[in-house]
A.B. asks: 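Dropping a structure here in structure tokens format, bear with me for questions.
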Amino acid sequence: MLLLPLLLLTDLIPGADNKHGHEHVFHGPTSFYVMHISSFVNSTWTQQQGSGWLEDLQIHGWDSDSGTAIFLKPWSKGNFSDAELTEVVEGFRVYFIEFKQQIQYRFSELELTYPFEVQGVAGCELHSGETTVSFLRNALGGVDFISLQNNSCVPAAQGGSRAQRFCAIFSEYQGLLNIIETLLSNTCPRFLLGVLDAGKAELQRQVKPEAWLSSGPPPLPGHLKLVCHVSGFYPKPVLVMWMRGEQEHPETHQGDILPNADGTWYLRVTLDVMAGEEANLNCQVKHSSLGGQDIVLHWGHPTSTMVIILAIILPTFILLICLALWYLRRRSYQNIQ
Ligand SMILES: *[C@@H]1O[C@H](CO)[C@@H](O)[C@H](O)[C@H]1NC(C)=O
């Protein structure tokens with residue numbers, strides 16, 4: 001009875017980073033995308049931000065003053081030659097300038113009002129370890145606006161007639177659409193495979209979590225908040241549960257998985273219980289780095305203190321006995337002489 005849920009849980013972990021449920025041979029990230037955020041503050045003031053990401057790991061920045069890419073990892077260039085990178089970076093530089101000018105030029109046609117924010121994401125994802133799927137999506141003011149499907153602009157339902165008008169304009173720029181198509185279906189997959197290989201020592205690393213328990217502020221009088229902290233693990237997928245004996249406690253509350261400064265992750269999982277009902281509770285941590293050896297921390301379990309006492313007192317005690325025996329033997333030899 002118990003084995004089945006546990007097996008299912010173990011199966012969950014390797015697939016948890018795999019949003020679309022496809023099998024893949026790579027461990028670690030499987031997609032690369034560039035993000036572009038433009039803040040149009042007023043008719044003369046615009047701020048643009050660019051960045052490159054392998055899922056939740058940023059590997060590129062963009063210096064918008066000089067129009068150059070910032071490579072945040074020693075392997076951020078993948079296997080592209082300097083010549084090809086220069087060409088792509090130049091393409092982005094021109095795109096940033098053109099994008100800003102075109103939006104300002106079409107400002108009244110698109111019925112925009114200052115200030116507004118445009119967010120764009122474009123990239124490719126590896127499926128089954130070989131085929132890739134590309135995507136391009138834009139949002140206006142944080143709401144889906146348009147996307148690119150089969151190399152044509154598709155207005156989002158939330159974008160209304162403005163998104164339809166934008167797509168009508170966009171479709172006139174066939175040259176631009178062709179460049180985007182090449183970038184998404186050719187450049188991006190080649191870059192993704194190269195960068196996953198160049199960075200594999202870091203991307204496929206396994207770092208074990210540390211876990212500890214503490215108590216938080218009680219939610220209600222007569223209650224206890226038990227906190228299970230799990231920190232320093234990589235990659236991100238992790239399963240942390242409060243258990244009563246072998247059963248997952250239904251009141252388990254999981255926080256967000258937060259980044260540590262060193263690129264590893266941190267998670268807090270809490271449990272509210274009535275005072276006096278904390279017997280037999282433990283926090284269980286499953287992570288790919290643990291190789292099936294789950295971390296289990298028992299709430300208020302005396303074992304940890306007992307182990308410390310034994311670990312310090314027992315060796316000291318043995319040492320004292322040895323010294324005493326040695327002394328007694330030496331004395332008896334001296335007595336014989
Ligand atoms: C545009 O915004 C910037 C920054 O807030 C401000 O300094 C500038 O005066 C504004 N310009 C106009 C024309 O409103």
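Atom set for the values below is all heavy atoms of this structure, side chains included, hydrogens, waters and symmetry mates excluded. Both counts, for ligands and for their atoms, begin at 1 and track the order of listing.
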A.B. asks: Below 4.5 Å, heavy atoms only, C-beta onward: do Leu220 and Asp272 meet side chain to side chain?
C.D. replies: no
A.B. asks: Under 30°, 30 to 60°, or over 60°: which ring-plane class applies to Trp212 and His229, parallel, tilted or perpendicular?
C.D. replies: parallel
A.B. asks: For ligand 1, which atoms sit closer than 4.0 Å to a heavy atom of Asn42?
C.D. replies: 1 (C), 2 (O), 3 (C), 8 (C), 10 (C), 11 (N), 12 (C), 14 (O)
A.B. asks: Nearest to atom 5 (O) of ligand 1, what protein heavy atom do you find, and at what distance?
C.D. replies: Val41 CG1, 4.3 Å
A.B. asks: Pull out every atom of ligand 1 sitting under 4.0 Å from any heavy atom of Thr44, numbered as shown with elements.
C.D. replies: 11 (N), 13 (C)
A.B. asks: Does Phe40 have its ring centroid less than 6.0 Å away from the ring centroid of Tyr114?
C.D. replies: no
A.B. asks: Taking the six-membered ring for Trp, are the ring centroids of Trp62 and Phe96 within less than 6.0 Å of each other?
C.D. replies: yes
A.B. asks: Report the nearest protein non-hydrogen atom to atom 7 (O) of ligand 1: residue, atom name, distance rounded to 0.1 Å.
C.D. replies: Trp45 CE3, 4.9 Å
A.B. asks: Is atom 9 (O) of ligand 1 close to the protein, meaning a heavy atom under 4.0 Å from it?
C.D. replies: no
A.B. asks: Looking at every non-hydrogen atom in both residues, tell me the closest pair between Phe107 and Phe116 and how far apart they are.
C.D. replies: CE1-CE2, 3.6 Å
